[in-house]
Amino acid sequence: MGWNKVAIVGAGMTSFGEHFDAGLEQLAAEAYRTALRSVDHGIDAKDISCGFFSNVMGSLAGNEIPSGATLSNALGLPGLAVSRVESGCPSGSDAVRLGCLAVASGVYDVVLVVGAEKLRERSTRESLLESGRLGHPILSYAGTAATIFAPQAMRHMHEFGTTREQLAMVAVKNWANGALNDKAQRQDTITISDVLGSPLVSSPFTVLDCCPQSDGAAAVILCRAELATAFTDKPVYVAGFGLATEPLYYNEKRTLTGWESTTAASQRAYEMAGISAADIDVAEVHDCFTGTEIMVYEDLGFCEKGEGGKFVESGESSLSGRLPVNPSGGLLAKGHPVGATGVAQMVELFEQLREESGARQVPLQGGFGLQHNVGGYSVGLSVVTVLSRDRA
Amino acid sequence: MTTAEITSAGAYVPSTAARTRRGQVPVCNGDEDAITLAVSAGLDCLSQVDVHPIGQVFVALGSAPISLGSPGEVLREALGLDESVPVALTTGDPLGGAAALQAAFDAVATGRMTCALVIAAEAGDSKTVAAGAFAFLVEGGDGRGIQVSPSSSVGGVVSAMSLDASGRPQTSDLRYVETQLASTLEVLLPGQGATLDRVVLAGSHPTVARTLMPDTQVRYVGDLGVASMLLAVVEAARIADGRPVSTLVLTPARSALVTVTSPRLAPGALPEVVLEGDGRSERVEVPTSPILSLPTSSPFFARSAGELLRLEAAECTDCGHLAFPPSQRPICSRCHGTSWQPHPMPRFGTVFTYTVNRFLPTGFGAEMVMILGELADGSHYWAPGSGLDPAAVTIGMPVALVVRRFTDAGGIPTYAMKFSHPVERYDEPVRAAIRESERV
């Protein structure tokens, strides 16, 4: 049925948050060592023949252009074949996709993927707003992550009657999940009026509609499905993946109430996995902003177009609902160290599909989990991956 | 020799003002300057007529804000004129508008060209000189347009200016200036003005002129600096009704007198300009933004002039698909073709979606509204708002793209489109679009 040619046999991450006493290399190394230790039957670092390094801002807060050598040196493996991947917010999941292709090619048996990011090397205002000076000088003028995602939320509210309260419910849900996750940056619970009462960032988003600036790293270890049982009795298989780009500038976009790259990437992933949205037990999606999660429910086929607000309001995507979304706390509560995020979603799903998530465990039926990212400067691309507990 | 006439007139005065002792004076908004005023007035003028082959643009700017770059070329591109059209640009001449008008009349009358565009744009001084611009199309005429006689003028060396605490020029000795002006006018006005029938007066120190012409019907229209002559000519044409009107423009250094003849013109043929009054708001945009992601010296901006200043998309000649920005879309995404032709996009439309950003990078100000507009042909354009109250923006609201200055950090201004309130005087499609959006 599904592709299932590659398995995840180990996964680990640092906590996400403000790690002022750890640089990029230290975070990457910690995630890597945690992933090594998570391999049930053990693994020798010498078995790893290839790596992919997901990182957007480098180790000097944007003042360098890192290569794979940054990671290999951080891990004490200076000769390792490592490529650096930069695909904006989907960098981590794109790096996993490339790792799968590397394994499936037969050239490399065991591949390491590490995503790491240091955003708190500068003040929040500086690192957040550095993006305002990037991109096309006029067509991306004064652009920030919020201005890239906010207009869709405004249009969705206009076209489908989605409310500010429904947006806030996404934050309330994800913070509640994050409070159960000791790796999450935010450990408190919040209410709808907390969200509505916090300062406006870019309409309709207030501060609590936005994910924080974070440091952190995550790592997964991939190998051919036939080799997986040498490392663990409970591997998690990559059933399918999809990457799609989309029209880049705002004037070119064909939809302003969702992202066609998400729809296309998910269709490619479902087809490769031989399943549909109805088969997904648990999902980790890209809730960089509350409105994004609502529209992504629709793009991924979890609900009908325009029904995303009702979907969260009904509780279907909460931890006890029919299709829990972001049991880890998502980007909103767990944090968003950009290069690490996609890999961290894989770590969460690895644990969920092995039923090791404790208080955040989602009941499994078919044993399928889905991860999703959307982003890239001006939002140009999306990656969706379907992971499966079973190989069949 | 041909008889030259003004066949179309346009104007633009900012909707922002500074408070003065006597009320308000129009000033440039933070993202406007003499160049953007010139573009707005020029487009207003050109929108009133079908395409005419312009042989040259004669431009007079008030103070000279720009010492680097190619402001005349930016202006030409923003007006949609071909690269072969020369722009004669002067700055710092208090009667520059009068000189540009004269040069255009001479160029057409001698047959050197069939059509010339005249623009005078004044950035103002926030005290007595208003900000605003006028533009005229001058062509060989048949008596249905506005005729302007050659001017007579008299000048004198007058240095009664000094710099105020902010470094801005000010008149330091008012009595001296007025005395000089009176002597100038005594030479200029025939029989001390007693023989003039109707006089339209513009420029500084109008009381000096009134004192010399106590029995003459004098209509004072304000001080628009370098554009005062054009302002006065428009007002003279408005009241002419077939009979000549004397038009007098005063500046401390030189004053000029012309005679304006015009038939009665159709309603709406002349721009309605109001310099006085309390209706304007305070400046809303920041005067300058940080240096852009690319310096203006980059070849990127020359490659992008068509899309940023002329609002030209590229139309695939094989399948008709429109690509924007053309400089970054060499292959058609619909048919994979590579053959393109320029396709100017319409400037007016409605708000499709927007966001009000209150968390801006340093130097961008406290708040900025970003708008995705749906233009009249269904295409979209993403740009900041200019002169819009962010709290009043709604989806479906009519808007129009105007040329504004994005930054002059680093010394060289960069110009491109922003969304502002539409100007109803533009062609019928604008008024129709506004009616359509109000129906929704």
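Atom set for the values below is all heavy atoms of this structure, side chains included, hydrogens, waters and symmetry mates excluded. Protein chains get the first letters and strands the later ones, always in sequence-line order, with residue 1 at the start of each.
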A side-chain contact here means heavy atoms from C-beta on lying under 4.5 Å apart; do Leu139(A) and Phe324(B) qualify? yes
Any chance CD of Gln341(B) has more than 12 other-residue heavy atoms, nucleotides or ligands included, within less than 6.0 Å? yes
With heavy-atom distances below 4.5 Å as the criterion, would you say the side chains of Thr394(B) and His158(A) are in contact? no
Is the CD atom of Glu159(A) crowded by more than 12 outside heavy atoms at less than 6.0 Å? yes
Which atoms of Ser298(B) come close to chain A, meaning under 4.5 Å heavy atom to heavy atom: side chain ones, backbone ones, both, or neither? neither
Taking Ser379(B)'s backbone N and O only, do any of them form a donor-acceptor pair with Asn251(A)'s side chain (distance below 3.5 Å, no angle check)? no
Between Phe301(B) and chain A, which part of the residue has a heavy atom less than 4.5 Å away: side chain, backbone, both or neither? side chain
Interchain contact, Leu200(A) with chain B, by part (heavy-atom threshold 4.5 Å): both
When rounded to the nearest 0.5 angstrom, what is the spacing between OH in Tyr250(A) and CZ in Phe352(B)? 11.5 Å
Stepwise, does the side chain to side chain contact (heavy atoms under 4.5 Å, CB included) test hold for Arg329(B) with Leu248(A)? CA-CA 11 Å; Arg329(B) 298 288 177 265; Leu248(A) 189 56; 3.8 Å; yes
Could you look at Gln328(B) and say if it's the side chain, the backbone, both or neither that has a heavy atom under 4.5 Å from chain A? side chain
Let me see the working for Tyr249(A) and His380(B) under side chain to side chain contact (heavy atoms under 4.5 Å, CB included), right down to the final yes or no. CA-CA 10 Å; Tyr249(A) 288 114; His380(B) 286 170; over 6 Å; no
His136(A) and side chain to side chain contact (heavy atoms under 4.5 Å, CB included): which single residue from Leu294(B), Leu308(B), Leu292(B) fits? Leu308(B)
Side-chain touch Trp382(B)/Lys253(A), heavy atoms, less than 4.5 angstrom: no
Please find the pair of heavy atoms, one from Tyr141(A) and one from Met368(B), that lie closest to each other, and give the distance. CE2-CE, 3.9 Å
Any chance you could lay out the side chain to side chain contact (heavy atoms under 4.5 Å, CB included) test for Arg155(A) and Ile395(B), step after step, and finish with the verdict? CA-CA 8 Å; Arg155(A) 184 71 198 180; Ile395(B) 291 178; 3.5 Å; yes
Between Thr353(B) (side chain only) and Met154(A) (backbone N and O only), is there a donor and an acceptor less than 3.5 Å apart? no
Side-chain heavy-atom pair Phe359(B), Ser202(A) within 4.5 angstrom cut-off: no
With no hydrogens and no angle check, do the side chains of Thr355(B) and Thr147(A) hold a donor and an acceptor under 3.5 Å apart? no
Shortest non-hydrogen contact from Gly135(A) toward Ser293(B): O-OG, 2.7 Å
Measuring from atom CD1 of Ile138(A) to atom CD of Glu307(B), what distance do you get when rounded to the nearest 0.5 angstrom? 11.0 Å
Take atom CD in Glu165(A); do more than 12 heavy atoms of anything else shown fall under 6.0 Å from it? yes
